[in-house]
Amino acid sequence: MSDSSLPTPDLHALFAAQQAQRWPASQTSAAQRQAILRRLHDAVRAHRVPLADALKADLGKSRAEAEITELHPVLEEIQHAIRRLPRWMAPRRVDTPTMLLGARSEVQMQARGVTLILSPWNYPVNLALVPLVASLAAGNTVILKPSEKAPNVARALGDLIGSVFEPRLVAVVEGDGEVARALTELPFGHIFFTGSGAVGRHVMRAAANNLTGVTLELGGKSPALIDASADLDVTAERLAWGKLLNAGQTCVAPDYALVPRHLEGPLLRRLEAVIARRFGTGAWLRAGPDYGRMVDSAGVQRLERLTQGSVAQGARIVLGGEFDAPGRFISPTVVSGVTPDMPLMQEELFGPVLPILTYDTPEEALGLIRRLDAPLALYLFTTDEDMIRRVQRETTSGGMVVNGAVVHLTNPNLPFGGVGPSGMGNYHGEHGFRTFSHERAVLREPTPSPVRFLYPPYGRPVPRLVAWGLRQLERQSGPRE
Ligand SMILES: NC(=O)C1=CN([C@@H]2O[C@H](COP(=O)(O)OP(=O)(O)OC[C@H]3O[C@@H](n4cnc5c(N)ncnc54)[C@H](OP(=O)(O)O)[C@@H]3O)[C@@H](O)[C@H]2O)C=CC1
Ligand SMILES: CCCCCC(=O)O
C-alpha cells in the first residue's frame, strides 16, 4: 500500500486523483463502506502503540489518557457507524401533500464528494479520525491535514492511513498552516475544520470562493456555573477532572467557574484536596504519569501573562501558579477574585488555569454568561431541577452537562458542535454522517398524470366532486403535530 502521507504534495494532483474517485466512492453500498470502516478499525488497533507513543512525545499524554480520550473514542465511533450505517444510508420515505395525490416522496442521502479535514494538535488522533469516520461512512474521499504542532502524531496518522487506504480514497497531507491554507482554496465538497475562531474565519472566507460548505468546530470560554444547591464534593471532583484533562488544552474544558460568594472557600478547599489526591503535589505531580504538558512554551508564556495581568488588577493565585515555559509545564492553578474585565476573562484559556468569579444572585451569573460569546459547552452544578430548567431556557451553548464536564462528547448519539462564535455544524454518530452527506429530495409522479391543478390553464372550475374529495382527504389527514 503506497504511503499516502505526502510531506509536500502537488495538492492539485492529489485533489484531481480524489475527484476521479468521487463517483465510485459515492456508489459504494452499505456493506462496502462497512468493510472500509472495518479496515480502518483494524488499522487503528494495529497502530495503537505508535499512536500512543506519538501522543506522549508531542503532548506528554499518558497512555491511560491516550486510550480514554483518543484511541477508545475513535474505535467506538467506528463500531457505532458500522452497526448503524445501513439505516443511516436508507432513503427516508416522507409524507406527500394531497395536492400531489399519487406521488411518492423520499429523502436520499448522497455523498458530498472530495472532503477536507483540518485537525488541531490537542486531541490530534480523536479530532482527525472521528471526522474521517463520518466522511467515509457518507461515501466521500478525504484529504486530512493534521496540525504541524503535533508532528509525531501527524506522521503516525500518515503511516496508519497509508497502510490501509490508497491516496485517491484517503490521503494524509503533512505540512504547516500554509499547506492548510492552500488546500482551502480547492473546490472541496465539504471542509471540516477544528481549531481556533481566528483560523476558522480564514477557512470560511476561502471556502466561500467555491461555495464549499464548512463545519467549524471552534472553541471559546465554557463556563462552569455552580449553584447554591450544588454538591461541592461532586463539583470539585468533576470540575478538576474536566479542567486538567490534557493539561487544560481541551476546547470544551471548563474555562472559568462562577461560584456563589459564600461557597468559594469550601469549593477552593475541596479543589485543592481533590487535585492533590488525583495528581499529587509538587515534584510528585510534575513527575507523575497522569498530568500532561502544554504543547509549546508559548502557551505557558501566554497563560502566565494573563494570570499575572489579573493578579496585578487584584486577583489572587490560591493554588499552583508555577509557570515553566522551557519545560512546557504549568501546575494546576486556581485564581480567586477574578472579575469579568480582567485579562483571564478576555480570551479562551486553553490551559490548566481556573479563574473563579463569585456572584450573589443567579441573575448576575446568567447575565455574565449571556454577555460573553455563546460557549461550546456550559456546565451547571446543581441539585435544583428548577435551576436546570432555568439555565436551559435562559442560555445557549453548543452542549451542556449537568453535574459534570466534557463527558457529553463520549456519547455518539449527541451532536457535538458549537453555536455562534463557538462554531457551526456538528458531528459524532449519525450527526457526522449527515454533516458529510447531501440530503436530496426525490419525488416520483405517477403516470399517467393524475388530476393536477398546478398546470395551466388556471382558473378553470374545479370539478365539484374533486373539490369535495380533496376536502375529505384534508379532514382525514388533519393538522399534523
Ligand atoms: N471545537 C473543537 O472540537 C476544538 C476546538 N479547538 C480550538 O482550536 C484552538 C487550538 O487548536 P489549534 O490547532 O492551535 O488551532 P489552529 O486554528 O491554529 O489550527 C487548526 C488547524 O488549522 C490549520 N491552519 C492553520 N492556519 C490555517 C489557515 N490559514 N487556513 C487553514 N487552516 C489553517 C492548522 O495547521 P497547523 O497547526 O499545522 O498550522 C491546524 O491543522 C483553540 O482555540 C481550541 O478552542 C481545539 C480542539 C477541539
Ligand atoms: C474526549 C475528549 C475530546 C475533547 C476534544 C476537545 O474538546 O478538544
Side-chain angles (χ1 to χ4, degrees), residues 2-23 25-26 54 58 111-132 134-136 138 140-162 165-219 251 295-296 298 423-425 427 435-436:
S2 64
D3 177 356
S4 68
S5 165
L6 305 171
T8 53
D10 175 338
L11 302 180
H12 294 266
L14 175 61
F15 183 84
Q18 291 211 354
Q19 192 76 302
Q21 189 62 17
R22 168 191 178 165
W23 289 110
S26 68
D58 286 339
R112 289 192 178 279
V114 183
T115 61
L116 172 62
I117 295 172
L118 299 170
S119 55
W121 51 262
N122 63 325
Y123 290 87
V125 174
N126 181 330
L127 300 177
L129 296 186
V130 170
L132 173 65
S135 192
L136 288 175
N140 299 305
T141 67
V142 182
I143 294 178
L144 165 62
K145 208 302 280 181
S147 168
E148 67 167 349
K149 298 187 187 102
N152 294 286
V153 170
R155 201 163 308 112
L157 288 173
D159 295 344
L160 185 163
I161 295 297
F165 295 124
E166 288 289 341
R168 63 173 186 228
L169 181 59
V170 185
V172 171
V173 171
E174 292 181 55
D176 60 10
E178 192 43 41
V179 170
R181 192 198 52 72
L183 281 166
T184 56
E185 292 175 353
L186 297 174
F188 283 98
H190 194 77
I191 297 178
F192 189 99
F193 170 82
T194 301
S196 62
V199 176
R201 287 172 173 81
H202 289 311
V203 171
M204 196 167 182
R205 281 191 205 100
N209 295 331
N210 297 305
L211 291 177
T212 294
V214 297
T215 303
L216 301 179
E217 290 286 334
L218 306 178
C251 65
V295 71
D296 55 25
M424 62 178 66
Y427 70 126
T435 284
F436 281 98

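By convention here, the first residue in the shown sequence is residue 1.
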Quick check: closest heavy atoms across [X] and [Y], and the distance to 0.1 Å?
{"X": "Ile191", "Y": "Val203", "value": "CG2-CG1, 3.8 Å"}
{"X": "Thr141", "Y": "Gln18", "value": "OG1-OE1, 2.8 Å"}
{"X": "Ala156", "Y": "Ala54", "value": "CB-CB, 4.2 Å"}
{"X": "Pro124", "Y": "Val153", "value": "CB-CG1, 3.6 Å"}
{"X": "Ala128", "Y": "Ser119", "value": "CB-OG, 3.6 Å"}
{"X": "Gly200", "Y": "Leu218", "value": "CA-CD2, 4.2 Å"}

Parallel, tilted or perpendicular: ring planes of Phe436 versus Phe192, cut at 30 and 60 degrees: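 Ring orientation of Phe436 relative to Phe192: parallel.
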Donor-acceptor contact present, side-chain [X] to main-chain [Y], <3.5 Å:
{"X": "Asp176", "Y": "Val179", "answer": "yes"}
{"X": "Asn210", "Y": "Glu185", "answer": "yes"}
{"X": "Lys145", "Y": "Gly175", "answer": "yes"}
{"X": "His190", "Y": "Thr115", "answer": "no"}

Residue pair [X] / [Y], side-chain heavy-atom distance below 4.5 Å:
{"X": "Thr184", "Y": "His202", "answer": "no"}
{"X": "Leu186", "Y": "Val114", "answer": "no"}
{"X": "Phe188", "Y": "Ile143", "answer": "yes"}
{"X": "Phe193", "Y": "Val214", "answer": "no"}
{"X": "Leu160", "Y": "Val172", "answer": "no"}
{"X": "Gln21", "Y": "Glu166", "answer": "no"}
{"X": "Val130", "Y": "Tyr427", "answer": "yes"}

Value rounded to 0.5 Å, distance of [atom1] in [X] from [atom2] in [Y]:
{"X": "Leu169", "Y": "Arg22", "atom1": "CG", "atom2": "CZ", "value": "14.0 Å"}
{"X": "Thr212", "Y": "Met204", "atom1": "OG1", "atom2": "CE", "value": "11.5 Å"}
{"X": "Lys149", "Y": "Asp58", "atom1": "NZ", "atom2": "CG", "value": "12.5 Å"}
{"X": "Ile117", "Y": "Leu127", "atom1": "CD1", "atom2": "CG", "value": "11.0 Å"}

Side chain to side chain contact (heavy atoms under 4.5 Å, CB included) between Val142 and Phe165, worked out: CA-CA 10 Å; Val142 182; Phe165 295 124; over 6 Å; no
Donor-acceptor pair between Thr435 and Thr215 side chains, under 3.5 angstrom: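 There is no such pair between these side chains.
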